[in-house]
Amino acid sequence: MNISYNWLKNFVDIKDKTPEQISHILTDIGLEVEVLETFQSIPGGLEGLVVGEVKTCEQHPNADRLRVTTVDVGREELLHIVCGAPNVAAGQKVIVATVGTTVHPLEGEPFKINKSKIRGEVSEGMICAEDEIGLGKSHDGILVLPADTPVGQTARDYFHITDDYRYEIGLTPNRADAASHLGVARDLAGFFRTSFTLPDISAFQSAESAVQTTVSVRNTDAAPRYTGVNISGVTVKESPDWLKEKLNVIGIRPINNIVDVTNYVLHDLGQPLHAFDADQIAGQQVIVRNAAEGEAFTTLDGVARTLSAEDLVIADAEKPMCIAGVFGGLHSGVSASTVNVFLESAYFNSVSVRKTAKRHALKTDSSFRFERGTDPNMTAFALKRAALLILEVAGGTVSSAITDLYPDPVAPFEFTVNYANVQRLIGKAIPTEDIRSIITSLGIAVAKENEHELLVQVPPFKVDVTREVDIVEEVLRIYGYNNIEIKQQINASLNTSEKPDREVVLNQIADLLIANGYNEILSNSLTKSEYVDDVDTAVKLLNPLSSDLDTMRQNLVFSALTAVSYNQKRKSTDLKFFEFGRTYHLLEEGYQERQHFGLALAGRQTGEKWSGEAKLVTFYNIKAAVDTIIRRLNIQGLEVTDTDSTYFDYGLSYKKGQKTLVAFGAVAQTNLKKADVDGQVFFADFDWDQVLKVIRKNSIKYKEVSKFPAVRRDLALLVDEAVTFDKLRQVAVKTERKLLTEVNIFDVYKGDKLPQGKKSYALSFVLQDEEKTLADKQIDAIVQKLILNFEKELGAVVR
């Protein structure tokens with residue numbers, strides 16, 4: 001919604017506040033200013049242009065069509081200006097663009113005036129035509145001013161050019177009362193604790209004459225109030241400059257004087273109006289009715305529409321003329337030939353207008369306001385205001401009495417406001433006189449009062465103020481959220497979430513996996529009894545919906561396998577899934593519900609590529625995913641063992657103390673067969689409740705990247721088959737705790753070239769000192785120590 005700074009001044013004294021200050025005030029009181037920009041009715045604002053007097057005018061010695069002039073612009077010396085206008089003459093008062101001025105022509109790009117020579121003669125400015133400075137379209141000659149115009153006066157002052165400022169306000173849906181300049185001014189009046197001024201309509205006089213369009217309302221629920229008046233003898237033409245400028249500031253394109261007045265009043269008072277060509281109203285009858293189902297209607301944009309029986313229309317004796325509150329018709333509106341006008345101002349049901357606008361995908365300034373709720377008490381006032389403006393800009397006379405059909409007036413909201421409640425909810429002892437002044441300055445009446453409370457009557461235009469707590473909100477936003485102090489010490493903690501925050505950690509891991517190509521699945525907690533791994537602890541349903549959903553799940557493995565099978569049957573075989581879910585067991589101490597987290601991999605590591613054959617996922621892919629999550633959670637000191645889970649044919653478990661945090665591996669073929677899955681599936685099962693306990697005191701700290709290089713050394717070790725990589729890693733870490741940063745395995749070999757019962761591990765060791773560059777002598781000493789400890793503790797032999 002766009003609001004003009006100068007326009008606001010018509011309603012309220014803004015205390016000489018600058019546009020920027022008003023912008024901050026509006027935002028503070030709940031009308032957020034998203035954009036503040038300067039608007040100039042004439043581009044450039046005629047800056048640098050002054051009134052001059054042509055003192056001499058001589059023929060240019062080197063050009064027949066040019067004149068050499070001297071011009072007085074109020075300086076000590078005359079300006080020498082070469083001019084090509086045929087009407088330039090000595091003694092004229094003219095507009096001069098001096099050197100350095102940027103001129104904004106009506107057409108074309110702006111240009112800067114420089115001192116130059118034209119055909120050998122010096123020119124120190126430009127004598128302007130009206131199109132050259134954006135004042136008009138004429139280019140027949142220079143603009144000649146009256147003889148009594150003061151020399152040296154700025155063109156800006158002479159033509160009364162003033163800048164305006166446009167606010168773009170992000171109006172929230174509940175603030176229908178602020179959808180106009182009056183509404184915004186009302187809030188400013190509340191802020192300044194002053195009153196706002198409505199336009200003067202005392203000059204309006206209706207006429208009792210034969211020219212009368214009769215009105216009937218057949219659906220008073222959809223149109224609770226309808227007013228109208230006839231105006232005869234108007235002249236449809238271009239609007240005067242003041243009206244066009246007002247509309248241009250707020251981004252409304254002027255059309256003609258009648259339509260422009262209705263748009264002006266809409267943005268002035270917040271009341272939509274519609275002007276009909278009275279001579280096009282069949283039978284001189286205006287009928288407010290519901291459309292017939294399937295009734296055809298062509299709107300102002302030329303689109304033929306099919307109406308619904310739920311659409312309210314303004315019709316004449318034969319046909320619809322307008323979709324009520326939304327859009328006018330193509331043939332009933334004001335045109336250049338219109339002489340007589342029927343002016344409508346109505347109050348329509350917001351729900352009815354909203355449904356109609358949505359049904360026909362129409363969004364207009366009128367529907368925007370009617371959908372949110374307009375002021376039923378403004379319809380007649382706005383009608384008179386618009387009628388007076390039409391008489392001013394288009395001539396004519398009011399040729400009928402005002403028709404005002406309002407069978408059931410909308411009553412104000414009446415309730416009690418207790419001062420103590422206002423202060424308690426706001427949290428500050430605001431003086432009662434301030435509370436009362438804010439309430440009344442917002443247009444809310446006080447019917448009764450005592451020292452403790454007020455009986456308020458809230459006018460219908462404040463559709464969102466119906467209870468005492470709404471008044472508190474009004475007082476708080478006008479008083480200022482920034483004026484409510486926050487205590488330095490807060491005794492009660494507002495954060496009662498557990499540590500670590502379960503949802504935060506969950507989202508962090510979900511984001512990590514999604515970034516690595518995983519998709520989250522959500523599975524039913526009910527499953528088949530054959531998917532249960534421990535019948536004795538199974539939670540069975542007393543009244544299952546089917547045999548497929550008769551048991552609460554005990555694991556996430558079969559949830560993942562079900563999703564894999566479903567996708568495989570639909571030719572989607574390269575799968576990366578994760579799921580957060582609960583498992584259920586019946587133990588001696590009662591029912592147990594635990595949070596688990598599962599990963600599943602199946603198919604190929606990547607899709608088909610022209611450059612080579614895609615590889616299938618392996619155990620090491622699921623291990624890499626698990627290790628990435630462990631590192632992200634900063635879990636250290638884990639023990640690695642072979643898994644004993646019945647879910648897997650083979651795999652590993654990571655333990656912290658006696659608790660298993662995660663088990664992962666290749667899903668057992670028996671389980672794949674149960675779920676009807678083809679190929680291998682690799683799965684990781686995290687005990688998420690246990691993981692959260694482990695990381696409760698973990699903190700992830702930034703470590704500066706080392707300035708000194710890391711060094712890698714490799715060893716090939718011959719060890720017994722019973723020796724695992726984890727045992728080797730533990731020995732290495734124990735041997736060198738300070739400088740050893742990584743231990744990795746990059747090859748495992750078993751074969752007939754090795755002794756019986758032996759295998760070969762190829763290990764890499766990364767060493768780094770944070771304080772200096774490692775020397776070869778120091779590195780060799782560490783490697784020798786590693787070899788010695790491998791031989792001593794694990795019987796390893798260096799190959």
*Counting heavy atoms not belonging to K428, are there more than 12 under 6.0 Å from its NZ?*
yes
*Going through the distances and angles, do Y167 and W7 end up as a ring-ring contact (aromatic ring centres under 6.0 Å, His included)?*
CA-CA 11 Å; Y167 302 100; W7 199 333; over 10 Å; no
*Is it true that the side chains of S4 and N6 contain a donor and an acceptor less than 3.5 Å apart?*
no
*Are the side chains of K355 and R359 in touch, meaning some heavy atoms are under 4.5 Å apart?*
yes
*Sub-4.5 Å side-chain heavy-atom contact between I471 and V458*: yes
*Just wondering, do F297 and V313 contact through their side chains at under 4.5 Å, heavy atoms?*
no
*Partners of A447 by side chain to side chain contact (heavy atoms under 4.5 Å, CB included), sequence neighbours excluded?*
L455, Q457
_Check against salt bridge (Lys or Arg N to Asp or Glu O under 4.0 Å), D404 and R225_ = CA-CA 7 Å; D404 188 359; R225 186 175 190 182; 2.7 Å; yes
*Are T214 and Q285 close enough that a side-chain donor and a side-chain acceptor fall under 3.5 Å?*
no
*Hey, what's the ring geometry for Y165 with Y5, parallel, tilted or perpendicular (30° and 60° as the breaks)?*
perpendicular
*May I have all residue pairs that pass ring-ring contact (aromatic ring centres under 6.0 Å, His included) and include part of residues 399-447, sequence neighbours excluded?*
none
_Results of salt bridge (charged side-chain N to carboxylate O under 4.0 Å, His left out) for D365 - residues two or more places apart only_ = none
*Using the test salt bridge (charged side-chain N to carboxylate O under 4.0 Å, His left out), find all partners of D268 that sit at least two apart in sequence or belong to another chain.*
R385
*Are side-chain heavy atoms of L269 and P199 found at a separation under 4.5 Å?*
yes
_Just by distance, no angles: are the side chains of S366 and T364 close enough, under 3.5 Å, to form a donor-acceptor pair?_
no
*Could you tell me whether the side chain of L312 reaches within less than 4.5 Å of the side chain of T356, counting heavy atoms only?*
no
*E449: partners by side-chain hydrogen bond (donor to acceptor under 3.5 Å, both in side chains), with sequence neighbours left out*: R436
_Can a side-chain donor-acceptor contact be found between S399 and N230 if the only test is distance below 3.5 angstrom?_
no
*Compare all side-chain heavy atoms of K462 with those of D470 and state whether any distance is below 4.5 angstrom.*
no
*Under the ring pair (Phe, Tyr, Trp, His ring centres under 6.0 Å) rule, collect the residues that match up with F348, sequence neighbours excluded.*
F370
